[in-house]
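Each chain gets a letter, A, B and so on, in the order its sequence line appears, and its residues count up from 1.
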2 protein chains.
Amino acid sequence: MALRQAVLAALLEGEASGYQLAKRFDVSVSNFWSATPQQLYRELDRLEQDGMIEGRVVEQQGRPNKRVFTLTTAGRDHLHAFTAQPSKPTAIRDDLLVKIQAFDSTDQDAIRKQLLIRLEQARQKLTLYDKLRDDLLAGQAEDTYLRTADRIGPYLTLIGGRMFEQQNIAWCTTVLELLDQRA
Amino acid sequence: MALRQAVLAALLEGEASGYQLAKRFDVSVSNFWSATPQQLYRELDRLEQDGMIEGRVVEQQGRPNKRVFTLTTAGRDHLHAFTAQPSKPTAIRDDLLVKIQAFDSTDQDAIRKQLLIRLEQARQKLTLYDKLRDDLLAGQAEDTYLRTADRIGPYLTLIGGRMFEQQNIAWCTTVLELLDQRA
DNA sequence: TCACACATGTAACACGTTACATGATTTG
DNA sequence: CAAATCATGTAACGTGTTACATGTGTGA
């Protein structure tokens, strides 16, 4: 049950509607917690019922109204308490790795293609993260940023995402080379 | 729905009981697909009903009998078809990263401790994977192994696991350093 | 005019987690 | 003598996924 806390943590960035949260999850939170829009809408309803967030309706012209949510004190307290608890090990679930485990019983060309796709996706994510990092730093050196920034949490997870994608690129490249050696 | 295929892929290593599969998932499969014993027992029942695996009871003395499962042709066919499908992006779910996203609203010493624990766990996993790799290679050079081995899938995912843990170690170390700079 | 972005939601189902239950044997 | 290992299972609950539904505004 950390979807709850991931939502609270995402709201530390500022108030958001379900739709906006879904985007936020898509671009940055998904490095460490993946969730679909439907999960978010459901969780937002529960969090509101439990008094961890507060929603207010923002009326818009031409667009559907939106419900925008803000953390309450109870929400912040809950998040604080959560972060002091011991962490569970990372749960990874990766389709492609299952296929590669079964590599020798597969259509090996199909696997190679999927590796190339994964490699390209990782490169694109890395480019995105580099851009986000530049935006966060806003021209400052890293150590200046770390000493002066209001919040460094999002920077630290971003660095994690970058390293993860770099590792992904390295792994895809290595496997493609090893497959060439095999053939 | 790739638990199903992860189980089939794990059975490529040879027949296993639910209990043995759980161990197999624990030591190696968990790099790319995590599952609890209860999930495995349930999935094995379904796979048997669907004719993808076949179970036979092995009687033992002093221990409870066990049901050992083997892939059927239908199971192999299903796995083969699955591997040709496009893959979904990796789903990561990591408690600790949620906490680090919220870092600035946390008990920061507690986070530091959790980072140290995670670092130690990653080091231990890396040691384990290095050992497993040595066992697989059995003294051969990598390129010899790749050309002559029956199955290279498990080797490729093992390499993935090793790289993942190396990256984990690097990330934990980096974050701990950045936190020192902040303080 | 077709697709995409905005914005939310329901319903059904599949999957994952946790707690509990049982009971013999081996290892420290 | 206690704890861990072997071995399986039920039940309840919580989370995650998929499909569908609705309707306006904007840009190619």
Between B:Tyr41 and D:dT8, does any side-chain N or O lie under 4.0 Å from OP1 or OP2?
yes
Of A:Ser34 and B:Phe69, the one whose nearest nucleotide on DNA chain D sits closer to the 5' end is B:Phe69
Given atom CG of A:Asp95 and atom P of D:dT17, what is their separation to the nearest angstrom?
11 Å
Please find the pair of heavy atoms, one from A:Leu44 and one from A:Gly18, that lie closest to each other, and give the distance.
CD1-CA, 3.6 Å
Would you mind checking if B:Arg56 and B:Glu15 are paired as a salt bridge, meaning a charged N to carboxylate O distance below 4.0 Å?
yes
From C:dC15, C:dT17, C:dT8, nucleotide with atom closest to B:Arg46 side chain
C:dC15
Assess whether a salt bridge exists between A:Asp45 and A:Arg67, defined as any Lys/Arg side-chain N lying under 4.0 Å from an Asp/Glu carboxylate O.
yes
Measure from CD on B:Gln20 to C1' on D:dC6 and round the result to the nearest Å.
10 Å
C:dC6 C1' sits how many Å from A:Gln60 CD, rounded?
8 Å
Round to the nearest Å and state the distance from B:Glu43 atom CD to D:dT8 atom P.
16 Å
Which nucleotide in the list C:dG16, D:dT18, D:dT8 gets nearest to the side chain of B:Lys88?
D:dT18
Check this for me, if you would: do B:Asp94 and A:Lys88 make a salt bridge, where the nitrogen-to-carboxylate-oxygen distance has to be below 4.0 angstrom?
no
Could you tell me whether B:Arg182 and A:Asp143 make a salt bridge, using a distance below 4.0 angstrom between a side-chain N and a carboxylate O?
no
Would you mind telling me which residue lines up with the more 5' stretch of DNA chain D, B:Met1 or A:Ala2, judged by nearest nucleotide?
A:Ala2
Short side-chain N/O contact to D:dG16 OP1/OP2 from A:Gln39, under 4.0 Å:
yes
Residue A:Tyr19, side-chain heavy atoms: nucleotide from D:dG9, D:dG16, C:dA5 that is nearest
C:dA5
Between CD on residue A:Gln5 and CD on residue A:Glu43, distance to nearest 0.5 Å:
8.5 Å
Check whether any side-chain N or O of A:Arg42 sits under 4.0 Å from OP1 or OP2 of D:dG16, and answer yes or no.
no
Find the bend of the helix from C:dT1-D:dA28 to C:dG28-D:dC1 as the angle between its two terminal axes (five pairs each), to the nearest 10°.
60°
Are A:Lys99 and B:Phe82 in a cation-pi setup, meaning NZ or CZ lies under 6.0 angstrom from the ring centre and within 45 degrees of the ring axis?
yes
Between D:dA7, C:dC6, C:dT17, which one does the side chain of B:Lys66 approach most closely?
D:dA7
Is the phosphate of D:dG16 approached by A:Arg93 (side-chain N or O, under 4.0 Å from OP1 or OP2)?
no
With respect to the side chain of A:Gln38, which nucleotide from D:dT17, C:dA7, C:dG16 is positioned closest?
D:dT17
Between A:Arg4 and D:dG14, is there a contact of a side-chain N or O with OP1 or OP2 at under 4.0 Å?
no
Scan A:Ser17 against the nucleic acid and name what it touches under 4.0 Å (heavy atoms): base, sugar-phosphate only, or nothing.
sugar-phosphate
If you only use heavy atoms from C-beta on, which nucleotide in D:dT5, D:dA7, C:dG16 is closest to the side chain of B:Lys23?
D:dT5
